[in-house]
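Below, all heavy atoms of this structure are taken into account, side chains as well, without hydrogens, waters or symmetry copies.
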Amino acid sequence: MKTFLIILTFLTLFSGCSKKNAFYEFKMDKEQELAISSLKSSKIVSKDGNVSGVFSAIYLNEVYPETFHNDETFFIFFFTKKEKKVFDQNKPSDTDLKVMLNSKLPIQVEELSQENRFSDLVDIKSDWNRYYIVTFEKADKADLVLEDANASSSILKFKK
């Protein structure tokens, strides 16, 4: 009987905690959940094998389908050891990184501040990161890569 009471006491104590899990305190709206599921990241690796940065992207067509449906639009952010920007055909520079979707350059590049309209999608805010909205022509697949003459990220494959 004593053993039964001890087991019953422990079961009662532990069953009171079972309704909460690791995600109990997370409060995300639908867009944040979609953004987290769409977020992909890759190291930026130089040709000699050294890591020179980190590249991340969110496919906004998946997060906001009612707003972004005509073209392929991505919210990208990256950190590089040497300060670099994304290549923009309207303001070209040889030192810029090129973001390409299926080996094609974007039709529009917009640099954003650290606090921007998409910063609530991810809680990765840093003075070292660069933030952009990059728009490409409509495509059948979505394989995104960031590269320059000396380094490249892995291909980030997004579901369509």
Side-chain angles (χ1 to χ4, degrees), residues 21-160:
N21 61 28
F23 299 103
Y24 181 75
E25 293 297 324
F26 288 103
K27 307 252 189 295
M28 290 187 202
D29 58 22
K30 181 183 175 194
E31 286 80 17
Q32 288 172 317
E33 289 177 7
L34 288 170
I36 295 301
S37 69
S38 175
L39 176 67
K40 302 211 183 290
S41 295
S42 173
K43 296 176 193 171
I44 302 169
V45 181
S46 65
K47 290 185 178 178
D48 58 1
N50 294 324
V51 175
S52 61
V54 177
F55 169 57
S56 300
I58 296 174
Y59 185 42
L60 292 177
N61 294 52
E62 189 175 294
V63 180
Y64 300 110
E66 65 285 344
T67 306
F68 300 103
H69 54 275
N70 294 331
D71 297 312
E72 309 295 345
T73 308
F74 295 87
F75 172 57
I76 66 165
F77 50 100
F78 63 89
F79 162 78
T80 52
K81 291 180 182 178
K82 294 180 182 177
E83 189 172 327
K84 296 200 176 222
K85 292 186 174 190
V86 169
F87 178 80
D88 186 351
Q89 294 178 14
N90 300 325
K91 303 174 217 163
S93 171
D94 292 338
T95 61
D96 291 343
L97 293 164
K98 292 182 180 174
V99 178
M100 293 191 285
L101 182 71
N102 308 323
S103 302
K104 294 182 181 174
L105 290 170
I107 55 176
Q108 183 179 0
V109 175
E110 178 186 349
E111 187 170 5
L112 304 172
S113 66
Q114 180 181 346
E115 292 295 326
N116 58 69
R117 63 185 186 258
F118 302 108
S119 61
D120 64 324
L121 294 177
V122 288
D123 285 332
I124 304 172
K125 297 174 190 154
S126 168
D127 292 334
W128 302 314
N129 282 340
R130 293 254 192 215
Y131 302 90
Y132 292 88
I133 294 294
V134 183
T135 305
F136 298 89
E137 292 178 353
K138 201 74 166 157
D140 294 334
K141 62 179 186 170
D143 296 345
L144 193 69
V145 68
L146 181 76
E147 63 184 26
D148 68 3
N150 300 318
S152 176
S153 71
S154 296
I155 296 173
L156 304 179
K157 295 181 180 270
F158 292 90
K159 287 190 308 182
K160 289 198 54 128

- [ ] Anything under 30° is parallel, anything over 60° is perpendicular, the rest tilted; go ahead and classify Phe75 against Tyr131.
- [x] parallel

Open item on the list: Could you check whether Asp48 and Ser46, counting side-chain N and O atoms only, form a donor-acceptor pair closer than 3.5 Å?
Closed with: yes

Task: Result of checking Val54, Asp148, Leu97, Asn129 against Thr80 for side-chain contact (heavy atoms from CB on, under 4.5 Å) - done: Leu97

TODO: To the nearest 0.5 angstrom, please state how far the NZ atom of Lys82 sits from the CG atom of Asn150.
DONE: 7.5 Å

Open item on the list: Tell me whether Lys160 contacts the main-chain N or O of Ala139 through its side chain, where contact means a donor paired with an acceptor under 3.5 Å.
Closed with: yes

TODO: Would you confirm whether Glu31, through its side chain, and Tyr64, through its main-chain N or O, come within 3.5 Å as a donor-acceptor pair?
DONE: no

TODO: Could you tell me which non-hydrogen atom of Lys84 sits nearest to which non-hydrogen atom of Arg130, and how far apart they are?
DONE: O-NE, 3.2 Å

Task: 4.5 Å side-chain heavy-atom contact, Leu121 and Leu39 - done: no

- [ ] Verify side-chain contact (heavy atoms from CB on, under 4.5 Å) between Asp96 and Asp88, making sure each step is shown before the conclusion.
- [x] CA-CA 8 Å; Asp96 291 343; Asp88 186 351; 6.0 Å; no

TODO: Please confirm whether the backbone N or O of Ala149 pairs with a side-chain atom of Lys47, one donor and one acceptor, at under 3.5 Å?
DONE: yes

Task: Heavy-atom check, side chain of Phe87 versus side chain of Val109, under 4.5 Å - done: no

Task: Pairs flagged by salt bridge (charged side-chain N to carboxylate O under 4.0 Å, His left out) wherever residues 150-159 is involved - sequence neighbours left out - done: Asp143-Lys157

- [ ] Would you kindly check if the NZ (Lys) or CZ (Arg) of Lys104 is within the cone defined by 45 degrees around the ring axis of Phe136 and under 6.0 Å from the six-membered ring centre?
- [x] no

Open item on the list: Within the structure provided, determine whether Phe55 and Leu156 are in side-chain contact (heavy-atom separation under 4.5 Å).
Closed with: yes

- [ ] Quick one: closest heavy-atom pair of Ser37 and Glu62, and the distance?
- [x] OG-OE2, 4.0 Å

TODO: Verify, without hydrogens or angle tests, whether Thr73 (side chain) and Leu60 (backbone) share a donor-acceptor contact under 3.5 angstrom.
DONE: no

- [ ] Look up atom CH2 in Trp128 and atom CD in Gln114, then write down how far apart they are to the nearest 0.5 Å.
- [x] 11.0 Å

Task: Asn61 (side chain) donor-acceptor with Asp71 (main chain) under 3.5 angstrom - done: yes

- [ ] Would you mind reporting whether Leu112 and Ile133 have side-chain heavy atoms less than 4.5 Å apart?
- [x] yes

- [ ] Specify the closest pair of heavy atoms between Phe74 and Ala142, including all atoms of both residues, with the distance to one decimal.
- [x] CZ-CB, 4.3 Å

Task: For the student: nearest non-hydrogen atoms of Ser113 and Asn116, plus distance - done: O-ND2, 2.8 Å

TODO: For the residue pair Phe77 and Phe118, establish whether any side-chain heavy-atom pair is separated by less than 4.5 Å.
DONE: no

TODO: Would you mind reporting whether Leu105 and Met100 have side-chain heavy atoms less than 4.5 Å apart?
DONE: yes

TODO: Write down the atom of Ala57, the atom of Ile76, and the distance for their closest heavy-atom approach.
DONE: CB-CG2, 3.7 Å

TODO: Check whether any side-chain heavy atom of Val86 lies under 4.5 Å from a side-chain heavy atom of Glu111, and answer yes or no.
DONE: no

Open item on the list: Donor-acceptor pair, distance only, cut-off 3.5 Å: does the side chain of Ser152 make one with the backbone of Glu147?
Closed with: no

- [ ] Please work out whether the ring planes of Tyr132 and Phe78 are parallel, tilted or perpendicular, with thresholds of 30° and 60°.
- [x] parallel

Open item on the list: A quick test of your reading: do over 12 heavy atoms of other residues, nucleotides or ligands sit less than 6.0 Å from CD of Glu137?
Closed with: no

Open item on the list: I'd like to know if Glu110 pairs up with Arg117 as an ion pair, taking the criterion as any Lys NZ or Arg NE/NH1/NH2 lying under 4.0 Å from an Asp or Glu carboxylate oxygen.
Closed with: yes

Open item on the list: Main chain of Ser42, side chain of Ser154: is a donor-acceptor contact present, judged purely on distance under 3.5 Å?
Closed with: no

